[in-house]
Amino acid sequence: MQKRKFIPFSEVKHQKAIVVDSAHPNGVLLSHWRGTPTPEAIQDDTSAAIVLNALRLNLPELGVANVTANHFDIDGFVGVWALLNPELALENEELLRQMAIIGDFRKLDLNHPLAGEALKLVCWINAKERALFYKPFEADTMEEKEAAQCVQKFNYFLREFGTVLGNPDWEKGAWEDEVASVLLGYRDVYKPDTMLTRYPEIGLVIVETPHPVHYYALFSRTQGFDIVLSCYQGNKYELEYKYTTWVDIASRPTLPRISMAPLAARLNELENSGRRWTFDAITETGPLLRLQGEDLTRTEAYESPTEREIYTSSIPVQVLKEQVVSFLMRLTKVLNVSISGHGRK
């Protein structure tokens, strides 16, 4: 098999490379980024899965010695690592696929036999990334940006991951706290006091649960939906687009994003708590509509709901739900779009 090495993204303009979970005109692209020209034979939901499909088919385009990515996240890392360790990657293919799904789409499915092991590895990466380097999106505020800063993360995890993959329990001290938080949240969202209301025609699922939980647990109840309205006790709410609408996924169609700014304006007409509803730009990877959203950094918005304050609204839950559903129904009808007409098939 081709012997490959990781290079910083800045070097791609001088050296042709396989570009994972990113895009560059001088690269062989293995990415689920929207609009990336991925061959139909290897299309998949995550970039790591696209890489694994390419390795399994032994595509001739893989005969390039360099591999790179312009940011560090679990999906991209798994793809890069797989290209540098192809035989071991294919031996652990399903485990790596689960890691990418949990890491990128924030979704845990404990019905999968390897989900528990994949969760340990994901949480190990999360813990080490925060302890040794910087949190996701924190490079936005640094002089040296993510494409340059992430090289140190890749160098570390490419060196260490193989050992932890062989026995995740060696690093239990690093991952056990987050794994415990995820599993507690997972248990809670499957209790009878968590209620789901689904609107497949607009891609919305409403999750009413007593308190915020880790994203990996919350999104476990949102399979097949791309907009999540979370309603917690005390009139605390967040509405968000999932990352599935920022990328191209192959498993099902998705609806185009709609700006929630008009909905935020309507909610502000109803709100009398003294706080204001705001909505992130739809170009963000997971835009939020919430009270005082402008106070959040991108790093805080990316963190699980358990890690940020969610403010009490004066709007009753039934009124809030009606406003969200009617807005999305109306806009979907005006734009004349439907689930069946969009997304990579």
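The first residue of the sequence shown is numbered 1, and numbering continues consecutively from there. What you see is a predicted model, and the numbers here were worked out from it, not measured in a lab.
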Practice task
May I have the step-by-step check of ring pair (Phe, Tyr, Trp, His ring centres under 6.0 Å) for F133 and Y156, ending in yes or no?
Solution key: CA-CA 10 Å; F133 304 104; Y156 173 81; 5.7 Å; yes

Exercise for the section: Only counting residues at least two apart or in another chain, list the ones meeting salt bridge (charged side-chain N to carboxylate O under 4.0 Å, His left out) with E294. Expected result: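 For E294, no residue satisfies salt bridge (charged side-chain N to carboxylate O under 4.0 Å, His left out) once neighbours in sequence are set aside.
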
Practice task
Provide the closest heavy-atom pair for F327 versus P262 in the form atom of the first, atom of the second, distance.
Solution key: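 What the structure gives for the nearest pair is CE1-CB, 3.8 Å.
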
Problem - D45 and S251 side chains, donor-acceptor separation under 3.5 Å - result: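 D45 and S251 do have a side-chain donor-acceptor pair below 3.5 Å.
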
Sidechain N-carboxylate O distance under 4.0 Å for [X], [Y]:
{"X": "R130", "Y": "E178", "value": "no"}
{"X": "R298", "Y": "D140", "value": "yes"}
{"X": "D188", "Y": "K191", "value": "yes"}
{"X": "E238", "Y": "R308", "value": "yes"}
{"X": "E93", "Y": "R97", "value": "yes"}

Practice task
Give the intermediate values and the outcome of salt bridge (Lys or Arg N to Asp or Glu O under 4.0 Å) for residues E171 and K120.
Solution key: CA-CA 9 Å; E171 286 282 351; K120 293 176 184 177; over 6 Å; no

Handout entry: 4.5 Å side-chain heavy-atom contact, L158 and L84
Key =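 Yes - at least one pair of side-chain heavy atoms lies under 4.5 Å apart.
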
Handout entry: Residue K16 excluded, over 12 heavy atoms near NZ under 6.0 Å
Key =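 Result for NZ/K16: enclosed.
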
Problem - Spacing of CD belonging to E94 relative to CD belonging to E117, to within rounding of 0.5 Å - result: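 Nearest 0.5 Å value for the CD-CD distance: 14.0 Å.
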
Exercise for the section: Report yes if the distance between the aromatic ring centroids of F72 and F77 is under 6.0 Å, otherwise no. Expected result: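 That pair passes the under 6.0 Å test.
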
Problem - Aromatic ring proximity, centroids under 6.0 angstrom, F161 and F157 - result: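 No, the ring centres sit 6.0 Å or more apart.
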
